[in-house]
Amino acid sequence: EMLPRVAAEGLADFVDVFCDEGFFTVEETDRILAAAARYGIVPKIHANELGVSGGVQVGVRHGALSVDHLEKTTDAEIEALRGSRTMPTMLPGCSFFLGIPFGRAKDYIQAGLPVALASDYNPGSSPSGNMRFVMALGCIRMRLTPEQSFNACTINTAYAMGVSDTLGSIPVGKKANLIVTKPVPSLAFIPYSHQTPVIERVLIGGKTI
């Protein structure tokens, strides 16, 4: 009943299923994503926060744009993502706040996969939308280089939201949604000194706000 109404009224770009221990099963997730596909709603998955749930594999089978959380994954999830269109998206703010393991971002990258980092901003498990802190956690706790963490927070995250054709990097032709910083000694300074005010101005669509 819900998906046809959502599609008819154009209320959602994605269908996101929390396939994890105590929530939607793999079978239920499969049914939801199959139903959403009939209405052209793009699938996403929240999985493997609480256990190794099989959510990554079912998401890949349905061509999910992203699989999010991934605090608890094995080599099987890495292998399932090889050659897929699905962006593995990790949420270090959730790991920090709940005291649970951080995602194996370095292992994913060493296996040839991209990784996105997102805030998971919500009042229950990650009450911060500060992406500088997310980038810092990527470096400090997940052992990514500043360049890897920066890419994970920009172009790879834009891909995970289906907007990498217009956002996430600074080539000619994309929207000028930019953060301009004060002079900093290096890219590494941004996650290293993540509480130091460095933002000079913010542009949205090329206009300072």
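Quantities reported herein were computed from a predicted structural model and do not represent experimental measurements.
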Any side-chain heavy-atom pair of Leu70 and Val56 under 4.5 Å: yes
Heavy-atom closest pair, residues Ala152 and Thr157: O-OG1, 2.5 Å
Arg82 (side chain) donor-acceptor with Ala111 (main chain) under 3.5 angstrom: yes
Closest contact, heavy atoms only, Ser126 versus Ser119: OG-O, 2.7 Å
Minimum side-chain heavy-atom gap Leu65-Tyr159 below 4.5 Å: yes
CG on Leu3 to CD on Glu1, rounded to 0.5 Å: 11.0 Å
Crowding at CD1, Ile170 (>12 non-hydrogen neighbours, <6.0 Å): no
Heavy-atom donor-acceptor pair, Lys44 side chain to Phe14 backbone, under 3.5 Å: no
Pair Thr145-Phe150, side chain to side chain contact (heavy atoms under 4.5 Å, CB included): steps then yes or no: CA-CA 8 Å; Thr145 67; Phe150 181 80; over 6 Å; no
Close aromatic pair by centroid cut-off 6.0 Å: Phe24 and Phe18: no
Which side-chain N or O atoms in residues 84-100 pair as donor and acceptor under 3.5 Å with protein atoms at least two apart or in another chain?
{"residue": "Ser84", "atom": "OG", "partner": "Leu81", "partner atom": "O", "Å": "2.9"}
{"residue": "Ser84", "atom": "OG", "partner": "Thr86", "partner atom": "N", "Å": "3.2"}
{"residue": "Arg85", "atom": "NE", "partner": "Gly63", "partner atom": "O", "Å": "3.4"}
{"residue": "Thr86", "atom": "OG1", "partner": "Ala64", "partner atom": "O", "Å": "2.6"}
{"residue": "Thr89", "atom": "OG1", "partner": "Met87", "partner atom": "O", "Å": "3.3"}
{"residue": "Ser95", "atom": "OG", "partner": "Pro101", "partner atom": "O", "Å": "2.9"}

Check: Phe23 main-chain N/O paired with Asp20 side-chain donor or acceptor under 3.5 Å: no
Modelled atom types, side-chain donor and acceptor of Tyr108 and Thr73, under 3.5 Å: yes
Minimum heavy-atom distance Ile45-Asp16, with the two atoms named: C-OD1, 3.6 Å
N-O pairing of Arg31 and Glu27 below 4.0 Å: no
For the student: nearest non-hydrogen atoms of Asp120 and His69, plus distance: OD2-CE1, 3.5 Å
Ile155-Val163 co-clustered via ILVMFWY side chain contacts under 4.5 Å: no
Closest non-hydrogen atom pair, Lys174 against Leu167: NZ-O, 3.3 Å
Beyond-backbone contact of Leu33 with Val15, side-chain heavy atoms, under 4.5 angstrom: yes
Donor-acceptor under 3.5 Å (Glu9 side chain, Val6 main chain): no
Pair Ser53, Asn48: side-chain N/O donor-acceptor within cut-off below 3.5 Å: yes
Leu178 atom CG: more than 12 heavy-atom contacts under 6.0 Å: yes
Interatomic distance, Met135 atom CE to Cys153 atom SG [nearest 0.5 angstrom]: 6.5 Å
Check: His46 main-chain N/O paired with Asp68 side-chain donor or acceptor under 3.5 Å: no
Any donor-acceptor pair under 3.5 Å from Asn177 side chain to Ile204 backbone: no
Flag, side chain of Lys72 to backbone of Glu49, donor-acceptor distance under 3.5 Å: no
Hydrophobic cluster identity match, Val134 and Ile190, side-chain contacts under 4.5 Å: no
Check: Lys175 main-chain N/O paired with Thr166 side-chain donor or acceptor under 3.5 Å: no
Worked check of side chain to side chain contact (heavy atoms under 4.5 Å, CB included) between Ile109 and Lys106: CA-CA 5 Å; Ile109 291 171; Lys106 201 77 171 177; 5.7 Å; no
Residue pair Thr181 / Glu200, side-chain heavy-atom distance below 4.5 Å: no
Main-chain N/O of Ser193 paired with Arg132 side-chain donor or acceptor, under 3.5 Å: yes
Derivation and outcome, side chain to side chain contact (heavy atoms under 4.5 Å, CB included), residues Val52 and Glu77: CA-CA 9 Å; Val52 180; Glu77 281 69 43; 3.5 Å; yes
Short side-chain to backbone donor-acceptor contact, Thr29 and Thr25, under 3.5 Å: yes
Single hit among Val58, Val26, Ile32 for side-chain contact (heavy atoms from CB on, under 4.5 Å) with Val17: Ile32
Hydrophobic cluster membership, Tyr192 vs Leu187, 4.5 Å side-chain cutoff: no
Shared hydrophobic cluster, Leu203 / Ile199 (ILVMFWY, side-chain heavy atoms < 4.5 Å): no
Any Thr154 side-chain heavy atom under 4.5 Å of Ser169 side chain: no
Joint hydrophobic cluster, Val67 plus Ile41, side-chain heavy atoms closer than 4.5 Å: yes
Which residues share a ring-ring contact (aromatic ring centres under 6.0 Å, His included) with Phe189, sequence neighbours left out: none
Nearest-0.5 Å distance, CG of residue Leu137 to OG of residue Ser128: 9.0 Å
Between Asp30 and His62: side-chain donor-acceptor atoms closer than 3.5 Å: yes
Contact check, side chains of Arg104 and Met142, non-hydrogen atoms, under 4.5 Å: no
For the student: nearest non-hydrogen atoms of Leu117 and Gly138, plus distance: CD1-CA, 3.9 Å
Within 6.0 angstrom of Met131 CE, more than 12 heavy atoms from elsewhere: yes
